[in-house]
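What you are looking at is a predicted structure, and each value in this text was computed from that prediction instead of being measured. Order of the sequence lines fixes the chain letters, A, B, ..., with proteins taken first and strands second; residue numbering starts at 1 for each chain.
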Amino acid sequence: MTSAALVARTTAWFDLHARALPWREPACTPWGVLVSEVMLQQTPVVRVEPRWRDWLTRWPTPAALAEAPTGEVLRAWGGLGYPRRALRLQECARAVVAEHDGVLPRGEEALRALPGIGAYTAAAVTAFAHGRRSVVLDTNVRRVLGRTLRAEALPSPHLTVAETRAADAVAPADDAEAARWAAASMELGALVCTARSPRCDACPVADLCAWRAAGYPADAHAARRRVQGWAGTDRQLRGATMRLLREAHAPVARTDIEARLTALIGDFDPVRVDAVLAGLVTDGLAVAAGPDHLGLPA
DNA sequence: AACCCGGGGAG
DNA sequence: CTCCCAGGGTT
């Protein structure tokens with residue numbers, strides 16, 4: 001199909017079906033948009049929305065977040081996952097205060113120089129907060145373009161240069177239209193062109209879709225996809241430890257943490273537990289409180 | 001390029 | 001149970 005038809009139909013569909021998300025409201029600040037994007041890195045919208053509201057109410061500006069106790073930031077992040085994102089968001093706020101007079105800079109290059117902001121988030125903020133053209137390529141847009149243009153069931157495990165170039169060619173030249181296309185293509189991927197069971201009967205470009213026309217060929221990259229385990233992994237142990245530290249109102253004894261982790265992995269493995277806790281300290285997610293207690297950072 | 005990093009809900 | 005999710009940083 002032509003890019004023009006894909007863009008025109010998808011944006012028209014978006015005007016009718018866009019979700020009323022709080023970070024899409026005109027009154028939302030660029031900082032609010034950035035906070036939403038960081039929270040949405042690997043966490044679904046339904047889980048982010050309440051946390052985002054609490055967070056922005058408590059710390060509405062970079063300056064406010066910069067001054068917050070890191071332990072409180074981690075508690076407010078709660079169970080959103082990947083708590084290093086919360087740490088980086090506060091680092092980002094402090095960098096904005098120190099280097100940009102407390103105002104989130106414009107332009108993808110300046111944004112990418114900030115902690116926790118990569119290619120996707122810089123493009124997203126540029127489009128959604130600043131209303132300027134950028135090539136927003138998240139997992140939703142990659143899937144939509146892969147299916148409609150290239151008849152691919154799912155995007156490759158890693159973003160390719162060719163993919164970025166193709167997405168650039170699709171994005172409208174006009175700033176406002178490009179920003180609208182970015183939001184619309186993400187929304188189509190999130191609501192209709194979903195990974196597991198696409199709702200082609202509700203899709204505005206179904207009759208133009210290359211994947212559909214080709215008879216829904218299977219995922220060519222299926223064999224290369226990694227199955228991320230969970231039970232017994234370091235990530236589970238780290239997450240359980242962080243939960244203990246968040247919910248406690250004082251530093252937690254290492255023996256209590258060991259008991260919790262032992263329950264998860266089945267038997268007591270002091271070497272492994274020590275390594276997990278040391279990793280949390282190294283990452284700045286936890287600090288030693290005395291010789292045998294661990295707590296959240298100040 | 002490969003690997004690491006959480007957690008919950010849908011199917 | 002498996003799979004997925006508005007990715008980024010480090011090595």
Nucleotide [N], atom [atom2] - distance to [atom1] of [X] in whole Å:
X: A:Leu74; N: B:dC5; atom1: CG; atom2: C1'; answer: 14 Å
X: A:His158; N: C:dG9; atom1: NE2; atom2: C1'; answer: 14 Å
X: A:Arg51; N: B:dG7; atom1: CZ; atom2: P; answer: 12 Å
X: A:Phe14; N: C:dA6; atom1: CZ; atom2: P; answer: 14 Å
X: A:Arg199; N: B:dG11; atom1: CZ; atom2: P; answer: 11 Å
X: A:Glu49; N: B:dG9; atom1: CD; atom2: C1'; answer: 16 Å
X: A:Asp283; N: C:dT10; atom1: CG; atom2: C1'; answer: 11 Å
X: A:Leu159; N: B:dA2; atom1: CG; atom2: P; answer: 15 Å

Step through the shown structure and confirm whether more than 12 heavy atoms of other residues, nucleotides or ligands are within 6.0 Å of CZ on A:Arg260. no
Just checking, is any N or O donor in the side chain of [X] or [Y] under 3.5 Å from an acceptor N or O on the other one?
X: A:Thr43; Y: A:Arg51; answer: no
X: A:Ser134; Y: A:Glu108; answer: no
X: A:Tyr120; Y: A:Glu37; answer: yes
X: A:Tyr82; Y: A:Arg88; answer: no

Which of [range] have a heavy atom under 4.0 Å from DNA chain C?
range: residues 160-180 of chain A; answer: none
range: residues 232-256 of chain A; answer: none
range: residues 81-99 of chain A; answer: A:Arg88
range: residues 188-197 of chain A; answer: A:Ala195, A:Arg196

Side chain proximity check, A:Leu114 to A:Pro105, heavy atoms < 4.5 angstrom: yes
Hey, does A:Cys92 have a side-chain heavy atom less than 4.5 Å from the side chain of A:Trp31? yes
Going through the distances and angles, do A:Glu187 and A:Arg19 end up as a salt bridge (charged side-chain N to carboxylate O under 4.0 Å, His left out)? CA-CA 8 Å; A:Glu187 195 78 336; A:Arg19 289 169 293 181; 2.8 Å; yes
Indicate the ring-plane relationship of A:His17 and A:Trp13, choosing parallel, tilted or perpendicular according to the 30° and 60° boundaries. parallel
Between the side chains of [Y] and [X], is the shortest nitrogen-to-carboxylate-oxygen separation below 4.0 Å, so that they form an ion pair?
X: A:Arg142; Y: A:Glu163; result: yes
X: A:Asp283; Y: A:Arg84; result: yes
X: A:Glu49; Y: A:Arg53; result: yes

Only one of A:Asp168, A:Asp174, A:Asp175 clears salt bridge (charged side-chain N to carboxylate O under 4.0 Å, His left out) with A:Arg133; which? A:Asp168
Output the residues of residues 35-46 of chain A in contact with DNA chain B, where contact means a heavy atom of the residue under 4.0 Å from an atom of the strand; sort by number or write none. A:Gln42, A:Thr43, A:Pro44
Would you jot down, in residue-number order, the residues of residues 112-142 of chain A having a non-hydrogen atom under 4.0 Å from DNA chain B? none
When you measure from the side chain of A:Arg47, which nucleotide among B:dG7, C:dA6, C:dC5 comes out closest? B:dG7
Rounded P spacing from C:dG9 to B:dG8 in Å: 24 Å
NA contact type, A:Trp23, heavy-atom cut-off 4.0 Å: base, sugar-phosphate, or nothing? base
